[in-house]
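Inspection log for the structure reproduced underneath, given as structure tokens.
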Amino acid sequence: MPVSPALRAAALESKAWPFEEARKILKRVEKSGQKSVLFETGYGPSGLPHIGTFGEVARTTMVRRSFELMSDLPTRLICFSDDMDGMRKIPENVPDRKALEPYLQMPLTKVPNPFGGNYESFGHHNNAMLRRFLDTYKFDYEFASATDYYTSGRFDDTLIKALEKYDDIMAVMLPTLGEERQATYSPFLPISPTSGRVLYVPMKDVNAKQGTITFAGEDGADVTLDVRGGRTKLQWKPDFGMRWAALDVDFEMFGKDHQTNAPIYDRICEILGKPAPEHYVYELFLDESGQKISKSKGNGLTIDEWLTYADTESLALYMYNRPREAKKLYFDVIPRAVDEYAQFLAAYPKQAEAKDKLMNPVWHIHGGHPPQPESGNVTFALLLNLTTVANTEDKAVMWAFLKRYMPELSPETHPRLDKLVGFAIRYFQDFVKPAKKYKLADDSEAKALADLAEALGKLPEGSSPEEIQKIVYDVGRREPYTTTQKDGTVGVAQGWFNMLYQVLLGEERGPRFGSFVALYGIANTRALIEKALKGQLAQE
RNA sequence: GGGCCCGUAGCUCAGUGGUAGAGCAUCUGACUUUUAAUCAGAGGGUCACUGGUUCGAUCCCAGUCGGGCUCACCA
């Protein structure tokens with residue numbers, strides 16, 4: 001789709017971070033005169049997809065879409081899995097760990113899949129998980145496997161180049177290593193022709209003309225191996241640079257943990273004759289108490305947890321916001337993200353100037369095509385509150401509450417709201433309900449409740465909230481709940497209602513009780529009272 | 001030590017070269033048969049500090065102080 005000149009001009013000026021990054025790429029392509037642009041994200045073989053994976057692809061895509069506003073050059077995104085890496089240790093979370101022991105140090109694509117199934121190997125399994133993950137969020141990407149790329153020969157030319165520049169590469173690498181490691185370091189890792197393991201051994205000879213390396217094999221005898229066709233792979237740092245050079249990668253972002261090493265990857269890439277890609281360093285996430293989130297610690301939020309309680313758009317907003325800040329990632333940020341997203345989306349159609357539209361996060365979240373916002377302004381914070389008040393796990397009851405106040409709403413016309421209702425109910429089930437503390441009714445309270453149940457029983461199902469409320473007051477007008485009103489008549493004290501909430505709902509406060517009964521149902525309420533009188537609620 | 005980021009209301013955080021903002025919390029008032037997904041309002045900030053650029057700086061620049069994260073022969 002052609003980009004309007006006004007939009008393009010705004011993109012070239014915009015201060016939104018994806019545009020800042022895209023401009024760096026634009027400068028680069030103007031200089032090189034290249035005809036296409038390649039974005040890359042990379043994955044370690046061990047980790048299953050996690051929230052950082054989502055963030056990296058989402059953010060890279062934001063830069064990509066921003067770039068497309070500035071330039072007509074075609075772009076691609078490659079998601080590269082380093083599945084040829086040796087299995088250094090057996091992951092904790094696999095069945096029958098012992099069965100994997102014989103495969104230690106072998107490329108992951110040679111390790112049998114501990115999860116069984118149709119996948120050729122553990123690596124293939126992990127790749128499939130990654131792809132399924134990315135597909136779930138409808139990312140536009142091309143998957144790439146290190147094993148495929150190495151074995152098919154796509155890296156061969158660059159590997160030969162690395163042999164030619166072997167000394168230069170060593171000169172970059174050695175100063176970054178400790179003394180001990182320096183003695184044995186090699187940028188080339190042969191795959192043992194006998195055992196299939198990835199070998200970390202020093203080189204005895206490198207021959208660029210022949211395309212071979214020579215090293216001491218596992219039995220001690222010298223082995224000479226052609227580096228091409230997947231017979232060798234490169235060490236981590238040179239591998240980055242080699243890959244960038246071989247694929248002509250233009251942009252790759254990564255977390256701060258790579259920051260110090262990035263200049264080394266870049267240098268290798270340049271030694272291999274290609275300009276290093278543009279980079280963007282993002283911050284890692286912290287948990288509620290400010291500790292770094294790590295998979296092994298299991299702190300912070302997982303992507304599944306986020307998406308249990310909120311939608312993808314809210315997570316994308318979180319990822320858009322200030323990638324360079326170490327942000328806390330825990331439950332409390334979710335409702336806010338959901339509501340802010342809705343606010344930004346509602347504002348978008350009203351924004352007349354391209355400049356403002358491009359500063360709106362929803363432009364980036366939706367790649368320039370945000371959907372129409374829904375009418376109504378029910379916030380997620382409100383819905384979360386409402387589940388507590390309504391004390392329900394039933395969407396229909398939630399909607400009944402909603403419609404009483406805003407009759408124009410319905411699940412059919414407001415599908416997004418309906419989804420949020422579902423999320424709010426999960427929140428209720430997981431956080432509110434377990435925290436409930438039901439009070440056990442004492443004798444006089446039990447008597448009052450029994451009277452209430454009886455009085456309610458005389459009302460027909462479907463009575464109005466007002467009728468029910470009248471009964472509730474009538475029954476409550478007894479000791480110790482009476483109070484004298486301004487006009488001198490006998491009224492019902494707040495304590496009566498507090499008792500009802502504490503005993504029946506496990507809350508300190510609640511909705512207007514007549515409304516609650518009308519929506520919850522008279523028979524249901526009587527059953528609830530019965531359970532309370534038997535002490536069943538307090539036991540739960 | 002190198003690098004990155006942060007410092008704005010009691011708390012969590014937005015924000016912009018032109019009179020400081022939200023949510024929560026606090027307080028006040030109204031209303032309902034004293035129950036709140038109600039309504040109206042209030043208080044509270046040297047925008048860390050110092051200098052510079054500018055007609056004007058919370059914002060840009062330099063420095064200072066304070067805090068967080070990251071890197072050390074793992075990819």
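Chain naming here is simple, since letters A, B, ... match the order of the sequence lines and numbering starts at 1 in each. Hydrogens, waters and symmetry mates play no part in the numbers below; they use all other heavy atoms, side chains included.
In summary, the side chains of Y43(A) and E56(A) do not present any donor paired with an acceptor at a separation below 3.5 Å, with no hydrogens or angles considered. Counted by atom type alone, D83(A) and S145(A) present one or more donor-acceptor pairs between their side chains at under 3.5 Å.
Distance L284(A) CG to G3(B) P: 19 Å, rounded to the nearest Å. Residue N261(A) contributes atom CG, which lies 11 Å from atom C1' of U70(B) at whole-angstrom precision. Taking atom CZ of R322(A) as the reference point, atom C1' of U8(B) lies 13 Å away to the nearest angstrom. Summarising the geometry, the separation between CG on L177(A) and P on C71(B) is reported as 17 Å, rounded to the nearest angstrom. When rounded to the nearest whole Å, the span between CE of M242(A) and P of A75(B) equals 15 Å. Straight-line distance from the CG atom of D339(A) to the P atom of U12(B): 20 Å, rounded to whole Å. R88(A) has its CZ atom 14 Å from the P atom of C73(B), to the nearest Å. Atom P of nucleotide A75(B) and atom NZ of K89(A) are separated by 12 Å, given to the nearest angstrom.
Where Y473(A) and M359(A) each meet RNA chain B at their nearest nucleotide, the meeting point lying more 5' is that of M359(A). Residue whose closest nucleotide on RNA chain B sits further toward the 5' end, between D474(A) and R336(A): R336(A).
Minimum atom distance to the side chain of L286(A) is reached by C69(B), of the listed A75(B), G2(B), C69(B).
Taking only side-chain nitrogens and oxygens, Q235(A) comes nearer than 4.0 Å to OP1 or OP2 of A75(B).
Between U8(B) and C13(B), the two C1' atoms lie 9 Å apart (nearest whole Å). Spacing between G45(B) and A62(B) at atom C1', rounded to whole Å, works out to 26 Å. For C61(B) and U53(B), the P atoms lie 16 Å apart once the distance is rounded to whole Å. On the C1' atoms, G29(B) is 16 Å away from U34(B), given to the nearest whole Å. G7(B) and C49(B) have their C1' atoms separated by 11 Å, given to the nearest Å. Of the P atoms belonging to G18(B) and A30(B), the separation is 41 Å, rounded to the nearest Å. Remark: the separation of the P atoms in C24(B) and A40(B) is 13 Å, to the nearest Å. Between U16(B) and A22(B), the distance separating the two C1' atoms is 15 Å to the nearest Å.
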Pairs under 3.5 Å (Watson-Crick or G-U), crossing ones as [ ], inter-strand ones as |: RNA chain B comes out as (((((((..((((....[..)))).(((((.......))))).....(((((..]....))))))))))))....
Check step by step if side-chain hydrogen bond (donor to acceptor under 3.5 Å, both in side chains) holds for Y309(A) and D430(A).
-> CA-CA 10 Å; Y309(A) 305 111; D430(A) 295 349; 2.4 Å; yes
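Using bins of under 30°, 30° to 60° and over 60° for the plane-to-plane angle, the ring pair F240(A)/W244(A) lands in the perpendicular bin.
Around atom OH of Y166(A), more than 12 heavy atoms belonging to other residues, nucleotides or ligands sit under 6.0 Å away. Heavy atoms of other residues, nucleotides or ligands lying less than 6.0 angstrom from NZ of K110(A) number 12 at most.
In this structure K395(A) satisfies the side-chain contact (heavy atoms from CB on, under 4.5 Å) test together with D418(A), V421(A), I425(A), sequence neighbours excluded. In this structure, the side-chain contact (heavy atoms from CB on, under 4.5 Å) partners of R23(A), at least two apart in sequence or on a different chain, are F19(A), E20(A), M70(A). Applying the ring-ring contact (aromatic ring centres under 6.0 Å, His included) criterion to F155(A), with sequence neighbours excluded, gives Y149(A), Y150(A). Residues that satisfy the side-chain contact (heavy atoms from CB on, under 4.5 Å) test with A532(A), not counting sequence neighbours, are V503(A), L504(A), L537(A).
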Identify each atom pair where a protein N or O and an N or O of nucleotides 4-6 of chain B are less than 3.5 Å apart, giving names and distance.
residue	atom	partner	partner atom	Å
C4(B)	O4'	Q259(A)	NE2	3.1

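Residue-nucleotide stacking is not present for Y185(A) and C73(B), judged by a side-chain ring centre under 5.5 Å from the six-membered base ring centre and planes under 30° apart.
For Y318(A) and W306(A), the ring centers sit closer than 6.0 Å to each other.
Among the protein residues, K15(A) comes within range of the sugar-phosphate backbone only, with heavy atoms under 4.0 Å from sugar or phosphate atoms but none that close to a base.
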